[in-house]
Amino acid sequence: MVIPILKKNKDSKQFNSYRPISFTTILGKTMQKLILNRLNWYMEDRNIIVNEQAGFRKIVQHQTRLLTISQIVKDALENRNILTAVYVDFKSAYDAVWREKLYQKLLNAGVCGNIIKWIRSFWTNVFA
């Protein structure tokens with residue numbers, strides 16, 4: 001069940017002013033957490049996620065990323081090089097996940113069997 005909750009300081013007449021809150025059973029939330037932890041371990045263990053990916057990772061220390069960026073900027077300034085940084089924040093990116101492509105990427109990464117079946121079933125039965 002999904003309940004729309006009005007965001008703080010937003011116009012109640014605008015559709016985008018609401019945040020969907022999903023009520024999931026305790027069992028469902030527990031399974032989500034177990035699957036997430038297993039996928040995170042699997043991806044980290046096999047170095048499937050590139051080192052540059054820092055967001056949403058437990059192992060990556062953000063201080064290390066900040067030091068790396070600081071060193072790159074310092075080196076560029078010392079060498080009088082041009083440096084460009086691009087940061088992208090995809091608004092509502094997770095609301096528009098192409099599920100079939102995600103399944104294919106998981107399969108290509110070696111994730112298969114019951115875990116893929118569970119993810120498909122969960123999304124089909126909960127989010128469809």
Side-chain angles (χ1 to χ4, degrees):
M1 181 169 51
V2 177
I3 304 291
I5 304 293
L6 183 63
K7 296 176 185 175
K8 188 175 183 178
N9 300 324
K10 296 292 183 174
D11 181 6
S12 63
K13 295 177 183 165
Q14 297 295 317
F15 178 77
N16 289 339
S17 298
Y18 291 87
R19 176 176 289 114
I21 303 296
S22 176
F23 288 103
T24 307
T25 66
I26 292 173
L27 181 59
K29 288 181 182 182
T30 303
M31 281 301 297
Q32 285 177 3
K33 189 71 167 174
L34 289 170
I35 297 291
L36 176 63
N37 287 340
R38 182 68 178 168
L39 283 174
N40 282 336
W41 171 83
Y42 182 86
M43 298 295 180
E44 293 289 347
D45 185 62
R46 287 163 177 74
N47 294 317
I48 293 172
I49 303 173
V50 296
N51 288 333
E52 293 77 15
Q53 171 67 40
F56 306 105
R57 291 177 77 184
K58 289 181 181 179
I59 294 175
V60 177
Q61 295 184 0
H62 299 292
Q63 296 88 349
T64 304
R65 294 294 180 207
L66 184 58
L67 289 173
T68 301
I69 292 170
S70 297
Q71 187 62 48
I72 291 169
V73 171
K74 181 179 178 277
D75 292 346
L77 289 171
E78 286 177 357
N79 297 322
R80 298 183 180 265
N81 291 335
I82 296 172
L83 177 67
T84 304
V86 177
Y87 297 90
V88 179
D89 182 11
F90 295 102
K91 182 180 178 188
S92 303
Y94 294 108
D95 296 340
V97 171
W98 182 13
R99 293 177 188 165
E100 288 304 318
K101 186 65 172 181
L102 176 60
Y103 300 140
Q104 191 59 48
K105 285 186 168 285
L106 288 170
L107 289 169
N108 291 344
V111 178
C112 57
N114 288 335
I115 196 165
I116 287 289
K117 289 177 187 174
W118 188 89
I119 293 169
R120 278 187 180 269
S121 174
F122 186 81
W123 258 343
T124 300
N125 295 321
V126 176
F127 296 111

Can you tell me how far CD1 of I72 sits from CG of N81, rounded to the nearest 0.5 angstrom? 12.0 Å
Atom pair OG1 (T30) and NZ (K33), whose distance is rounded to the nearest 0.5 Å: 10.5 Å
When you compare the side chain of N114 with that of W118, does any pair of heavy atoms fall below 4.5 Å? no
How far does NZ of K10 sit from CZ of F15, to the nearest 0.5 angstrom? 14.0 Å
NZ of K74 to CD1 of I69, rounded to nearest 0.5 Å, is 16.0 Å
So with a 6.0 Å cut-off around CG of L83, is the heavy-atom count from everything else above 12? yes
I115 and V111: which non-hydrogen atoms are nearest, and at how many Å? CG2-CG1, 3.2 Å
Atom pair CD (Q104) and CG (L107), whose distance is rounded to the nearest 0.5 Å: 5.5 Å
Quick one: does any side-chain atom of Y42 pair with a main-chain N or O of A109 as donor and acceptor, under 3.5 Å? yes
With a 4.5 Å cut-off on side-chain heavy atoms, are L39 and I119 touching? yes
Please answer whether the main-chain N or O of D75 pairs with a side-chain N or O of N79 as donor and acceptor at a distance below 3.5 Å. yes
What's the separation between atom CG in D11 and atom OH in Y18, rounded to the nearest 0.5 Å? 8.0 Å
Do F122 and K117 make a side-chain contact, defined as non-hydrogen atoms from C-beta onward lying under 4.5 Å apart? no
Is the number of heavy atoms from other residues, nucleotides or ligands within 6.0 Å of NZ (K7) greater than 12? yes
